[in-house]
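Quick notes on the structure that follows.
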Amino acid sequence: MIRTRFAPSPTGFLHLGGARTALFSWAYARRHGGVFALRIEDTDVARSTPEAVRAILDGMDWLGLAYDEGPVYQMRRMDRYRAVIADMVERGLAYRCWMSTEELDRLRAEQMAAGHKPRYDGRWRPENAARHAMTPPEGVAPVIRFRNPDTGDVAWDDKVKGRVSFANAELDDLVIARPDGTPTYNFCVVVDDIDMGITHVIRGDDHVNNTPRQINIHRALGYEPPVFAHVPTVLGEDGQKLSKRHGAISVMEYEAAGYLREAMVNFLARLGWAHGDDEVFSPDEFVAWFDLEAINPAASRFNTDKLNWLNQEHMKRLDADELGRRLVPYLGRAGLDVTAGPDPARVAVLLRDRVHTLAEMADAAHYFYATPRPSAERLAEHLNDHNRPAVKGVAEAFADLPWTKEAIGARLKSEAAKHGLKPPQLMMPLRMLVAGTTQTPSLDAVLALIPRETVRSRIAAGLEL
Ligand code: GLU
C-alpha cells in the first residue's frame, strides 16, 4: 500500500511550491489507491502559529487535496521522540556529547584553518571518550548525537533526480536531542515517517541534503527508508526562487483573484510535470496520469499568462450552472446583489470568453446587477446629434418586441439602417447608456439578459442627460 504525506511547517500560508508538493503527494496516493497523510511540523514553536495551520488547511481544502490521515502534530509526539532517543542511547546507536559551543567553535576554526570542512570529530563517542579518559563536566547538560556510519556511501535512487550519493565521511554525528532534551528536526521526520508507515517521501529538493542523514537514522532504527522524490524549486517569472517578493504566492490569493480550483491544480501540475502534449486537464485526469518518473528535474518557472490562459480554458469547460454558482461569491465581493439581475449562469457563459478570472468576470458583469452611471462626458463621446434620433427610435421600437436575442439583434440592425447609420454608430451609444461601458459582449445578447423596461429606462435616463 502506497502511503505518502505532506509535512508543512506552519510558519506561513500555503505557497505555490508547498501546494505543488502537496498536490504531487496527494495525486500519487490517489493514483495508487493509497493513503495521503498530513503532518504538521510545528516544532519551531517560535514561528509556528495556529493561523498558519488554518491557512494551510484552507489552501488544501480549496485545491481539493483531502487527506486520509492526520493531521499529525509533531508537538504532540514529544514523548514518543524522547522514548526513541532513550532507546537509541541504550542500544549504542546514539550517545551523549558534552562538547561546549566554545570547544566546537575552536575545533571548527582549526579545521577551517587547515583547509578542512568543519565537522564534529566524534570525541564523545563512548570508545573515544574512554580512550582519552574524558569525564562529563559538572553541571552541563549534554546533547545527544546519532552515531553516523564512518565509511561507505549513503545513496538512493531518487524518483526525480536519479541516483544520489553522499560519502558517510562527509556527514558528522548529527545532534538528535538538544541539551534540554528536545529532539531535532531531521530526527523527528524519521520517527514520524516510520510511525506513519510512509512509503514515498515527495518533497522539495531543498531537503536533499537532509536525506542521507535521514536514511542513516532510518536504517539504524531497523527500517528500510522510503522511496524519495525531490521535486525541483518553483521559480518566479524573473527566474529567481519564488519568494514573498513575488507578491501573490499564497494559493488563497489565487482563490481571491478568481482562479478556479481546477485551473490551479492544472497549473501546479504543469510546474515540472507533463503528460505528452496535454495542456488542459482535469484533476481526475491528472490523478490518472501522474507519475513520479515524469517529473522534470529542472526548476520550473511560474508564468502568469499561462495561468490566466488555463483559467479561461477551465471556465470554458465548466458546466454553465456550475460556473454561475462559482461566480456568485465574486459578484457579492464586487458589491453586487445577485438577486437584482439575471441568472449568473447566463451571464457567465456570455462573459467567459472575454475574461481570465471570476473576479474579472464579476467586474465585467456589473451592469447586469446595478444601474451604470456613465458620466456626461463619456456619454458625449458616443452619443451625438447624429445618432440620437436612432437611439430614441430604438427605445421606442423595443416597446413591443419579443424580448429575445434574435429579435433584438434584428431590430438593432433595421433601426440603424433606417437612420442611415452603420451598426457600431448605434451600438456604441447604446452600450454606454445600458452598460456604462463600450466593452460588452454582443449587444443583442447583453440586452436580452436585462429586462426590457430596465433597458428602456436606462436609455431614457441617458438621453435626458
Ligand atoms: N516541513 C518541511 C517543509 O515544510 C517538509 C519536510 C519533509 O517533507 O520531509 O519544508
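We count ligands from 1, going down the list as the structure has it; atoms in each ligand are counted the same way.
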Identify whether the distance between the nearest side-chain nitrogen and carboxylate oxygen of Arg270 and Asp278 falls below 4.0 Å. no

Close-contact set for ligand 1 against Tyr185 heavy atoms, below 4.0 Å: 1 (N), 2 (C), 5 (C), 6 (C), 7 (C), 9 (O)

Can we say Arg106 and Glu103 salt-bridge, meaning some charged N sits less than 4.0 Å from an Asp/Glu carboxylate O? no

Shortest protein heavy-atom distance from atom 1 (N) of ligand 1, along with the residue and atom involved: Glu41 OE1, 2.5 Å

Students often mix this up, so state it plainly: with edges at 30° and 60°, are the rings of Trp273 and Phe290 parallel, tilted or perpendicular? tilted

Residue and atom name of the nearest protein heavy atom (relative to atom 5 (C) of ligand 1), distance in Å to one decimal: Ala7 O, 3.2 Å

Got an N/O contact under 3.5 Å between Arg39 and ligand 1? no

So for Ser9, does at least one of its heavy atoms come nearer than 4.0 angstrom to any atom of ligand 1? yes

Of Gln214, Arg5, His207, the one whose closest heavy atom lies nearest atom 9 (O) of ligand 1 is Arg5

Hey, does the Lys NZ or Arg CZ of Arg145 hover above the aromatic six-ring of Tyr120, less than 6.0 Å from the centre and inside 45° of the axis? yes

Dump the intermediate steps for side-chain hydrogen bond (donor to acceptor under 3.5 Å, both in side chains) on Tyr330 and Asp363, then the final yes or no. CA-CA 9 Å; Tyr330 295 89; Asp363 275 348; over 6 Å; no

